[in-house]
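Every chain is numbered from 1 and lettered A, B, ... according to where its sequence line falls, protein lines coming before strand lines.
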Protein chains: 2
Amino acid sequence: MQKQETLTKNQKIILDIIEKSSQPLKAYSILFDVKKKGINAPLQVYRALDKLVKIGKIHKIESRNAFIACKNSKCQIANATIFSICESCEDVTEIHDHKLSEHLRDFKDNKGMKYNKYNLEFFGLCKKCV
Amino acid sequence: MQKQETLTKNQKIILDIIEKSSQPLKAYSILFDVKKKGINAPLQVYRALDKLVKIGKIHKIESRNAFIACKNSKCQIANATIFSICESCEDVTEIHDHKLSEHLRDFKDNKGMKYNKYNLEFFGLCKKCV
DNA sequence: CTTATAAATGTTATATTATTACACAGCGTT
DNA sequence: AACGCTGTGTAATAATATAACATTTATAAG
Ligand SMILES: [Zn+2]
Ligand SMILES: [Zn+2]
Ligand SMILES: [Zn+2]
Ligand SMILES: [Zn+2]
């Protein structure tokens, strides 16, 4: 059974907006959207984003400073994310590839480092943009 | 034979600073350092950084907004970067793992996307920080 | 050498992304 | 009640990055 986080009002509002978007949203664009709901300051957005990232409901696309909902409803892999990013249309897709995930999970370097997280971003051109 | 880019004065100054640091540097910390050499504005730094990234002399650590020199002097892999990042001391190391690189290079998703680049960041605790 | 073209520079201003600091509210535990 | 913890609201500010414009330098073509 999965631990069910109870989200607060602000967290729900922010998550809702991100989940309704198929593509990553930026913090200030989210802020703009939620002003009508009484969220007025960047910090309110960033705090909700931080929490949602932490519990795996959303992921941050580091190269884009944007946030996308995790489609995997039982996401065990908040700490193991893979994305493909089209450099033309900026379309972002989360990749779930068992073999690749396994390879990354099992990766050991030669420095004795203990990993607990990874983020992989592939860049290229999607079918439409080739 | 590898194409030898000729760097301009600003590019050399910025690259020099980054190469002298074992760890990633942030743009504004670089700016601070090069003021004594007559580079006064952020844009001068960012332009040099852009170029150096493009030709593979340095890499951007996306999750840290910082830049590190590529140690691989004949870097064929400006477009294929793997880093390990200690979340405690922020030590960053570029990883060269043939098997993993191969796996990533050969990765194909099921959307027909054409990749030309990837960036992978592992997070955890280094030996000293465990 | 002259002209054209691309790449880099210098400068100012501005945009975008993210955090610090502080006062306070709600909630479960002791 | 007192405490610790998490979240909230607000204002101010820090940190990261780009736009716009005028000028200069390097490279190539005629
Ligand atoms: Zn996910
Ligand atoms: Zn595309
Ligand atoms: Zn490298
Ligand atoms: Zn460490």
Side-chain angles (χ1 to χ4, degrees), chain A residues 3-18 21 23-68 85 87 90 92 119 121 123, chain B residues 3-18 21 23-68 85 87 90 92 119 121 123:
Chain A
K3 180 181 170 193
Q4 181 55 50
E5 296 277 356
T6 307
L7 298 180
T8 65
K9 177 172 144 285
N10 285 4
Q11 289 159 8
K12 270 181 214 146
I13 292 171
I14 307 284
L15 176 57
D16 192 51
I17 289 213
I18 298 176
S21 166
Q23 289 302 301
L25 297 178
K26 305 204 139 207
Y28 276 72
S29 115
I30 294 169
L31 175 57
F32 180 84
D33 285 350
V34 298
K35 285 220 161 137
K36 64 194 84 149
K37 302 213 175 187
I39 295 180
N40 300 299
L43 192 46
Q44 295 176 291
V45 173
Y46 280 107
R47 285 198 281 226
L49 290 173
D50 283 352
K51 182 63 187 286
L52 294 170
V53 165
K54 198 170 293 173
I55 64 177
K57 292 288 188 184
I58 65 174
H59 304 300
K60 181 171 187 180
I61 312 298
E62 292 288 356
S63 65
R64 299 299 187 260
N65 300 315
F67 300 85
I68 194 169
I85 302 170
E87 289 183 303
E90 292 294 323
V92 173
N119 178 56
E121 297 180 5
F123 304 90
Chain B
K3 181 182 170 194
Q4 182 57 46
E5 295 276 355
T6 306
L7 299 179
T8 65
K9 178 172 145 282
N10 286 3
Q11 288 159 8
K12 270 181 213 143
I13 292 171
I14 307 282
L15 176 58
D16 191 51
I17 290 214
I18 298 176
S21 166
Q23 289 301 301
L25 296 178
K26 305 205 140 209
Y28 276 75
S29 115
I30 294 169
L31 175 58
F32 179 83
D33 285 351
V34 298
K35 285 216 161 142
K36 63 193 82 147
K37 303 215 175 187
I39 294 181
N40 300 299
L43 194 45
Q44 295 177 290
V45 173
Y46 279 106
R47 286 197 280 225
L49 290 173
D50 283 353
K51 182 64 187 289
L52 293 170
V53 165
K54 199 169 295 172
I55 64 178
K57 293 286 188 184
I58 64 174
H59 304 301
K60 180 172 187 181
I61 313 297
E62 291 288 356
S63 66
R64 299 299 187 259
N65 300 315
F67 300 84
I68 194 169
I85 303 171
E87 289 182 304
E90 292 293 324
V92 172
N119 178 58
E121 298 181 4
F123 305 90

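- In this structure, the side chain of B/Gln11 does not engage the main chain of B/Leu52 through any donor-acceptor pair within 3.5 Å.
- Of the side-chain N and O atoms in B/Lys51, one or more sit less than 4.0 angstrom from OP1 or OP2 of C/dA8.
- Inter-residue side-chain proximity for A/Asn40 and A/Leu31 is flagged as unmet; no heavy-atom pair is nearer than 4.5 Å.
- Nearest to the side chain of A/Tyr46, among C/dT17, D/dA17, D/dT10, sits C/dT17.
- Aromatic stacking of B/Tyr28 on D/dT16: satisfied, with centres closer than 5.5 Å and planes within an angle under 30 degrees.
- A/Ser63 and B/Glu62 share no donor-acceptor pair across their side chains, judged by distance under 3.5 Å alone.
- Contact annotation: B/Asn10 reaches the phosphate of C/dG10 (side-chain N/O to OP1 or OP2, under 4.0 Å).
- Here the closest non-hydrogen pair linking B/Ile13 and B/Lys37 is CG2-CD, 4.0 Å.
- Between C/dG26 and A/Lys9, no contact under 4.0 Å exists linking OP1 or OP2 to a side-chain N or O.
- A sub-4.0 Å separation between OP1 or OP2 of D/dA17 and a side-chain N or O of B/Lys60 is present.
- OP1 and OP2 of D/dA15 both lie 4.0 Å or more from every side-chain N or O belonging to B/Lys26.
- Taking the side chain of A/Leu43 as heavy atoms from C-beta on, and the options D/dT18, C/dT9, D/dA11, the nearest nucleotide is D/dA11.
- Toward the 5′ end of DNA chain D lies the nearest nucleotide of A/Asn40, the other residue of the pair B/Arg64 and A/Asn40 mapping further downstream.
- Considering only side-chain N and O atoms, A/Gln44 lies under 4.0 angstrom from the phosphate OP1 or OP2 of D/dG9.
- When the side-chain nitrogen and oxygen atoms of A/Asn65 are compared with OP1 and OP2 of C/dA18, one or more of them lie within a distance under 4.0 Å.
- Here A/Thr8 reaches the OP1 or OP2 of D/dT8: one of its side-chain N or O atoms lies under 4.0 Å away.
- Taking for each of B/Ala41 and A/Ser29 the nucleotide of DNA chain C with the nearest heavy atom, the 5'-most of the two is the partner of B/Ala41.
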